[in-house]
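The structure under discussion appears below in the form of structure tokens.
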Amino acid sequence: MKKFCLFICVAALCAVSCSKASQPVEDPDKWVNDESQRVPVQFASRTQVETKAIKDGRIDGITMNGLDVGVIAVAKKQSDGTPVTWSSTLDGSILIDNTKVTTSEAGDIAFSPAVYYPFGNVYAYSFYSYYPYTNAAREAAANVDGVYSITYDLGNTDILWANSEATDYDGLKGFNAKYCRAVRQAGEQNNYFPKLQYHHLLTAIVFKVQGKDATIGTYDLNVTGVRILNTSTKATLKVADSQGQSGVLTGNEDGGSIGFDNLNVPVTTDASNACTILAMPASSYSAQISFDKGGASSVLNIANADGEFKAGFIYYFTVKVNNPEDVTIIATGLDEWQPGTTPGEGEVE
């Protein structure tokens, strides 16, 4: 009798196991043709995060992978096209309230767990994103009076911003569930799903150090610090502004200095990269170079380097060292610093 009972139990377990194995996998795209399903927020297959990031004054990597970005989605119009001003008091007008997302190895953005558009399609939403997600005080962007903003320390922070504004497809107002379902049914998601194209909001200045000739070796010189003078030390980014000023970065104009004080770059006849400083765009920069000469330190200020230094560009400054008391900056060139390009030294037309 006991053997018979054991056989029955084993058979029952096998039946349960086989039943589980034969269960069909839930179709993640069921929402495309089933209007009873929630529509997930998805971006185009590539969110255009392919750009070199600058971390701690160094250009690092080719693709912005593994970076924590903030994503915000707010209503810009109703589904009939009527403009709407989103706010924390207007129910449903904030779809994504500053969610942190870590970019994938390919630079893609995907929510985990998934975020869904609401049923009803009352609003068409716009998307905004920024990097870094937190500042030096570990604060993320906060919504105050209809403006998501964040303040950063400048010098070695690569500030990025992206947006994808509410748009239309075949008479439908998007981005919302009805819009995305129609776009997906037409196979046009790569063209009409939201896309985040990131832009650098600061100017990047690469400082190179080079001795005038072979005699520089007799001075036993190392560059220990490079700073930009008379510039903003902080900047505030309006990530998403209900009044339409989104993506604006404003320096505090305190006339301070930013840069690095922990370098150890020997001065030789060959040009060596000392550091990359990220600053507010300006028409001129002045700098301060710190040296160590056989254990003795010295600091020299360098006159202005004039020009039009724009956001999203890398400029190359060569610090020419004739002797410990004679240092000049030579602007050697610039390259466009845009998503998908590899910065390198050179002249532009």
Side-chain angles (χ1 to χ4, degrees), residues 51-62 64 136 153-159 200 202-233 256-282 284-307 309 312-337 341-348:
T51 179
K52 282 183 176 286
I54 293 182
K55 301 177 186 176
D56 298 326
R58 306 291 182 189
I59 297 175
D60 181 36
I62 296 175
M64 280 185 55
D153 292 338
L154 297 181
N156 62 348
T157 298
D158 189 1
I159 302 175
H200 298 274
L202 295 174
T203 297
I205 302 175
V206 178
F207 282 88
K208 295 176 177 286
V209 180
Q210 183 176 18
K212 178 183 179 183
D213 52 40
T215 62
I216 201 68
T218 64
Y219 292 110
D220 186 23
L221 277 175
N222 287 304
V223 172
T224 58
V226 179
R227 303 191 71 82
I228 292 175
L229 307 177
N230 304 316
T231 188
S232 294
T233 61
S257 68
I258 57 175
F260 297 89
D261 301 309
N262 57 349
L263 305 176
N264 186 27
V265 182
V267 180
T268 67
T269 53
D270 297 325
S272 301
N273 283 1
C275 64
T276 301
I277 298 177
L278 294 134
M280 289 295 297
S284 68
Y285 294 108
S286 58
Q288 184 181 78
I289 314 296
S290 300
F291 295 94
D292 178 271
K293 179 186 177 185
S297 60
S298 61
V299 178
L300 292 177
N301 291 339
I302 303 175
N304 289 358
D306 296 324
F309 304 109
F313 283 74
I314 288 182
Y315 298 83
Y316 295 86
F317 291 177
T318 296
V319 179
K320 187 63 72 71
V321 182
N322 300 319
N323 58 60
E325 290 76 36
D326 186 5
V327 180
T328 57
I329 285 182
I330 303 172
T332 59
L334 61 86
D335 272 324
E336 290 189 23
W337 182 31
T341 64
T342 301
E345 186 174 358
E347 300 291 337
V348 296

> Stepwise, does the side chain to side chain contact (heavy atoms under 4.5 Å, CB included) test hold for F260 with N156?
Replying inline: CA-CA 8 Å; F260 297 89; N156 62 348; 3.4 Å; yes
Pairwise side-chain contact, [X] with [Y], heavy-atom cut-off 4.5 Å (strictly under):
{"X": "V209", "Y": "N273", "value": "no"}
{"X": "F313", "Y": "T203", "value": "no"}
{"X": "T269", "Y": "Q210", "value": "no"}
{"X": "L154", "Y": "M280", "value": "yes"}
{"X": "L202", "Y": "D158", "value": "no"}
{"X": "I289", "Y": "F291", "value": "yes"}
{"X": "L263", "Y": "V226", "value": "yes"}
{"X": "V206", "Y": "I314", "value": "yes"}

>> Test side chain to side chain contact (heavy atoms under 4.5 Å, CB included) on S290 and V223; report intermediate values, then the result.
In response: CA-CA 6 Å; S290 300; V223 172; over 6 Å; no
Distance from [X] atom [atom1] to [Y] atom [atom2], nearest 0.5 Å?
{"X": "K208", "Y": "T318", "atom1": "NZ", "atom2": "OG1", "answer": "6.5 Å"}
{"X": "F207", "Y": "Y316", "atom1": "CZ", "atom2": "OH", "answer": "13.5 Å"}
{"X": "N222", "Y": "D292", "atom1": "CG", "atom2": "CG", "answer": "6.0 Å"}

> Does any pair with a residue in residues 212-223 pass salt bridge (charged side-chain N to carboxylate O under 4.0 Å, His left out), and if so which ones, sequence neighbours excluded?
Replying inline: none
>> Listing request: all salt bridge (charged side-chain N to carboxylate O under 4.0 Å, His left out) pairs with a residue in residues 265-282, at least two apart in sequence or in separate chains.
In response: none
Do you know which two heavy atoms are closest between [X] and [Y], and how far apart they sit?
{"X": "I216", "Y": "G211", "value": "CG1-CA, 3.9 Å"}
{"X": "A287", "Y": "L229", "value": "O-CD1, 3.9 Å"}
{"X": "I277", "Y": "G259", "value": "CD1-CA, 3.7 Å"}
{"X": "S286", "Y": "N230", "value": "OG-ND2, 3.7 Å"}

> Taking only residues two or more places apart in sequence or in another chain, which ones pass side-chain contact (heavy atoms from CB on, under 4.5 Å) with S272?
Replying inline: V265, T268
> side-chain hydrogen bond (donor to acceptor under 3.5 Å, both in side chains) with D261: which residues, sequence neighbours excluded?
Replying inline: R227
> What pairs with D153 under side-chain hydrogen bond (donor to acceptor under 3.5 Å, both in side chains), at least two apart in sequence or on another chain?
Replying inline: K234
> Less than 6.0 Å separating the ring centroids of F317 and F309?
Replying inline: yes
>> Before you tell me yes or no, could you show the steps for I258 and T231 under side chain to side chain contact (heavy atoms under 4.5 Å, CB included), namely the whole-Å CA-CA distance, both residues' side-chain angles and the distance that decides it to 0.1 Å?
In response: CA-CA 8 Å; I258 57 175; T231 188; 3.8 Å; yes
